[in-house]
Every structure is written in C-alpha cells, then in structure tokens.
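As a basis for the values below, the full set of heavy atoms in this structure was taken, side chains included, without hydrogen atoms, waters or symmetry mates. These numbers come from a predicted model, not from an experiment.
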Amino acid sequence: MDSVMQWGMTLCCAALAGGVAQILSPGGSMERIFRITLSVFFLCCAVSPFNGFSGNFSLEESGILLQDREEEAALELSDAADKIFYRSAAEKLELLAQKKLEQMGINDAKLSVYITETDHQLTAEDIVVEAVLPWECKDRHDEICTRLGYELGTTLRIGYTDGEGENSGA
C-alpha cells in the first residue's frame, strides 16, 4: 500500500513541476517541443512503477491482490475459529448442566444452549441455557435455579412438561 501512496505522490509532484515549467516555458516555435517534452516526462512518471516488470504484468506480482487475499483468508479463519469456539462452549455448558441436574436426581432434562455472537468478547449475558424438565420437578424450581445459576453463571430459562408435549415456562 505504501508503494501506491508513493506512486501517487510522484504523480502529484510531476504534475506540479510540469505546471510550473509550463508557466516558465518560452513561447513561439519552442512551445510545441516543450509541451511534448513535458507530456513525455509526465508519462514516464506515471509508468515508472511498471518499468521493472516483464511483458506479463500481473497485479498479483505487485502484492495488491495478494494482500487482499491474505486479509480475506484471515477473516475466514477468524470466523471459523469463532464458530468452533461457540459450538464447543455450548456443548461444554450443556454437559455441565446435564451433570448438575443428574446430581440433583433429574435424568430426563432436555437442554439447549444459545450463544449470541458478539464482538469477540463473550460474557455471561450472551449465553442462555434452556432446560425443559419433567412436571414433577416444578416444586423444586427455586433449588434448581439456584444450583444451576451458581454452577453455570448464565441466564437460565426453565420450563416444565407433563410428558405429553404440554409445556409451562417459568
């Protein structure tokens, strides 16, 4: 990118020098030759970055496209890593919640973990653990909320089902 900026600065300086030279140029018969000379000078300045390349010019050789591809690859890699992290974190939290519920004697819980994507700063507020428990556990709601909340440290949503598909959220 610095080479493009340097080239642009060279063009500006060449245009400025050409303008000053044209103002100071002699008139008459020499004027036409002087203008052609200034045009050739400016053209040489404009194509100067390309003088080191062979006939097969490619922007990839200059590094402009290569840098863009590197940035795209880095972003794709970062996104893939984030997805793996979120999936792994969700699986670990689900496993931890399942283990805690089994310690409490609740074996048939249906758990889901939702993580909202953030700007690479995952906090407890970005994670929601949802549990659907048997209706018989409803009287232990406060105990379940306290233990799971302490263990997981995230937002909890607990619902109860009677086994026939009827849900009641709490």
Next on the checklist: Val132 vs Leu111, test: side chain to side chain contact (heavy atoms under 4.5 Å, CB included). Steps then yes/no.
Outcome noted: CA-CA 7 Å; Val132 178; Leu111 297 168; over 6 Å; no
Checklist entry - What pairs of residues pass the salt bridge (Lys or Arg N to Asp or Glu O under 4.0 Å) test when at least one of them lies in residues 84-94, not counting sequence neighbours? => result none
Next on the checklist: Any non-hydrogen side-chain atom of Met9 less than 4.5 Å from a side-chain atom of Met5?
Outcome noted: no
Checklist outcome for this item: Sequence neighbours excluded, the answer for side chain to side chain donor-acceptor pair (under 3.5 Å) partners of Glu76 is none
Checklist entry - Do Val128 and Ile115 share a hydrophobic cluster, counting only Ile, Leu, Val, Met, Phe, Trp and Tyr and linking them when any side-chain heavy atoms are less than 4.5 Å apart? => result no
Checklist entry - Does any non-hydrogen side-chain atom of Ile127 lie less than 4.5 Å from one of Thr155? => result no
Item to check | Verify same cluster id: Met104, Trp135 (apolar side-chain graph, 4.5 Å) | outcome: yes
Next on the checklist: According to side chain to side chain contact (heavy atoms under 4.5 Å, CB included), who are the partners of Cys12, at least two apart in sequence or on a separate chain?
Outcome noted: none
Checklist entry - Is there a donor-acceptor pair closer than 3.5 Å between any side-chain N or O of Thr10 and the backbone N or O of Gln6? => result yes
Item to check | Sequence-distant partners of Arg140, salt bridge (charged side-chain N to carboxylate O under 4.0 Å, His left out), two or more places apart | outcome: Glu143
Checklist entry - Can you check whether Asp142's main-chain N or O pairs, donor with acceptor, with Thr146's side chain at less than 3.5 Å? => result yes
Checklist entry - Under 4.5 Å between any side-chain heavy atoms of Ile106 and Leu133, yes or no? => result yes
Checklist entry - Listed by chain and number, what are the side chain to side chain contact (heavy atoms under 4.5 Å, CB included) partners of Glu136, not counting sequence neighbours? => result Pro134
Next on the checklist: Return the SG to CD1 distance between Cys137 and Ile144, rounded to the nearest 0.5 Å.
Outcome noted: 5.0 Å
Checklist entry - Partners of Leu96 by side chain to side chain contact (heavy atoms under 4.5 Å, CB included), sequence neighbours excluded? => result Glu151, Leu152
Checklist entry - For the atom pair CD1 (Ile158) and CG (Leu148), what is the distance rounded to the nearest 0.5 Å? => result 5.5 Å
Next on the checklist: Among residues at least two apart in sequence or on other chains, which ones pass side chain to side chain contact (heavy atoms under 4.5 Å, CB included) with Ser112?
Outcome noted: Tyr114, Glu130
Item to check | Shortest non-hydrogen contact from His141 toward Tyr160 | outcome: ND1-OH, 2.6 Å
